[in-house]
Amino acid sequence: MQLVVARIGRAHGIKGEVTVEVRTDEPELRLGPGAVLTTEPASAGPLTIETGRVHSGRLLLRFEGVRDRSAAEALRNILLIAEVDPEELPEDPEEFYDHQLIDIDVVTVDGTEVGRISEISHLPYQDLLIVKRPDGGEVMVPFVSEFVPEIDLEAQRAVIDPPPGLLDEAEAEIAGSRKDETAGGRTGEAAGGRKDETAGGRTGEAADSRTGETDGSRKGDTASGREDESS
């Protein structure tokens, strides 16, 4: 099985190095020196990795036969493709290849049907599950444990715990209005009404401690509150 493991970015320096957008969880295996990769478009390859290093958080590769900036720049946006055994599994049980996730059902933690995974989008800082809904729409779910607590390959099911508004925009509007109400009206009520109510012998104590607690900690609490392949 052929799977995309990286996309070539811009040239780096003058000696033929290029930046790459990594689309694999095992770059040391897929993108190590000596690896031979096919390409998309096919006419650009195959390419053999000669060297690799990390610079400022980005992986830099140099390919055999690419010796200057012009040759490196000509490779920009080319996809690098590795041959992977369909039966092979990632070493980490919490990692998954893209082909393992495509077409599995997606439900919420309470069992509500959401749709099926149609694609995995690999962004620079986060992967997204693209879920096709029964009505033809799509929803993008950040592929992090907070929002995707369970992947059951045997049952062909992904369980998600979406934040308000991810599946229904109306939920986000309701959550937003409640936050405004709590951070505004209720804070005023607590800071004003209670202070006036206790404005006797304990005015200083009530105004200082209760106002500080309600206007600070309570308001803060209320107002604030897992590329084409993942191998």
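Bear in mind that the values here come from a model prediction, so they are computed numbers and not experimental data.
Both Ile104 and Val131 are assigned to one and the same hydrophobic cluster, defined by single-linkage of ILVMFWY side chains at heavy-atom distances under 4.5 Å. Hydrophobic clustering, with ILVMFWY side chains joined whenever heavy atoms are under 4.5 angstrom apart, keeps Val141 apart from Val107. Side-chain heavy atoms closer than 4.5 Å link hydrophobic residues (I, L, V, M, F, W, Y) into clusters, and following such links, possibly through other members, connects Ile102 to Val114. Hydrophobic clustering, with ILVMFWY side chains joined whenever heavy atoms are under 4.5 angstrom apart, groups Ile117 together with Val139.
Atom-to-atom distance recorded for Ser43:OG and Ile78:CD1 is 7.5 Å, nearest 0.5 angstrom.
Annotation for Arg10: atom CZ does not count as buried by contact number, only 12 or fewer foreign heavy atoms lying within 6.0 Å.
In this structure, the salt bridge (charged side-chain N to carboxylate O under 4.0 Å, His left out) partners of Arg157, at least two apart in sequence or on a different chain, are Glu150. Partners of Arg62 according to the salt bridge (charged side-chain N to carboxylate O under 4.0 Å, His left out) rule, which considers only residues two or more places apart in sequence or in another chain, are Glu50. Judged as a salt bridge (charged side-chain N to carboxylate O under 4.0 Å, His left out), and not counting sequence neighbours, Arg58 has no contacts.
Residues Glu40 and Ile81 are in side-chain contact: their nearest non-hydrogen atoms beyond the backbone lie under 4.5 Å apart. You'll find the side chain of Ile49 reaches within 4.5 Å of the side chain of Leu31, heavy atoms only. Proximity of Ile8 to Leu80: side-chain heavy atoms (C-beta onward) are separated by under 4.5 Å at one or more points. Within the 4.5 Å cutoff, side-chain heavy atoms of Leu61 are placed close to those of Leu59. Between Phe147 and Pro162, every side-chain heavy-atom pair lies at or beyond the 4.5 Å cut-off. Looking only at side-chain heavy atoms (C-beta outward), Ile120 and Leu128 stay at 4.5 Å or farther from each other. Ile14 has its side chain out of reach of Asp68: every pair of non-hydrogen atoms, C-beta onward, lies at least 4.5 Å apart. At a threshold of 4.5 Å between non-hydrogen side-chain atoms, the residues Met140 and Ser121 do not count as touching.
Scanning both residues, Val66 and Ala72, for their nearest heavy atoms gives CG1-N, 3.7 Å. Thr48 and Gly34 get closest at one heavy-atom pair: CG2-O, 4.1 Å. Heavy atoms only, all atoms of each residue included: Ser118 and Glu138 are closest at OG-OE2, 4.3 Å. Taking every heavy atom of both residues into account, Ala44 and Thr39 meet most closely at C-OG1, 3.5 Å. Considering all non-hydrogen atoms of both residues, Val148 and Ile151 come closest at CG1-CD1, 3.8 Å. Among all heavy-atom pairs drawn from Val36 and Pro46, the shortest one is CG1-CB, 4.1 Å.
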Working for side chain to side chain contact (heavy atoms under 4.5 Å, CB included), residues Leu60 and Thr19: CA-CA 5 Å; Leu60 303 179; Thr19 62; 3.5 Å; yes
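Sorted by first and then second residue, the ring-ring contact (aromatic ring centres under 6.0 Å, His included) pairs involving residues 19-71 (not counting sequence neighbours) are His12-His55. Residue pairs that meet the ring-ring contact (aromatic ring centres under 6.0 Å, His included) test with at least one member in residues 30-49, sequence neighbours left out, do not exist here. Within the structure, salt bridge (Lys or Arg N to Asp or Glu O under 4.0 Å) pairs that include any residue of residues 99-111 comprise Asp105-Arg116 (at least two apart or interchain).
Salt bridge annotation for Arg69-Glu17: absent, with no cationic side-chain nitrogen under 4.0 angstrom from a carboxylate oxygen.
Distance alone, capped at 3.5 Å, is enough to place a donor-acceptor pair between the Gln156 side chain and the Leu153 backbone. Judged purely by atom type and a 3.5 angstrom limit, Arg133 uses its side chain to pair as donor or acceptor with the backbone of Leu167. When atom types are taken as modelled, the side chain of Thr108 and the backbone of Thr112 share a donor-acceptor pair closer than 3.5 angstrom.
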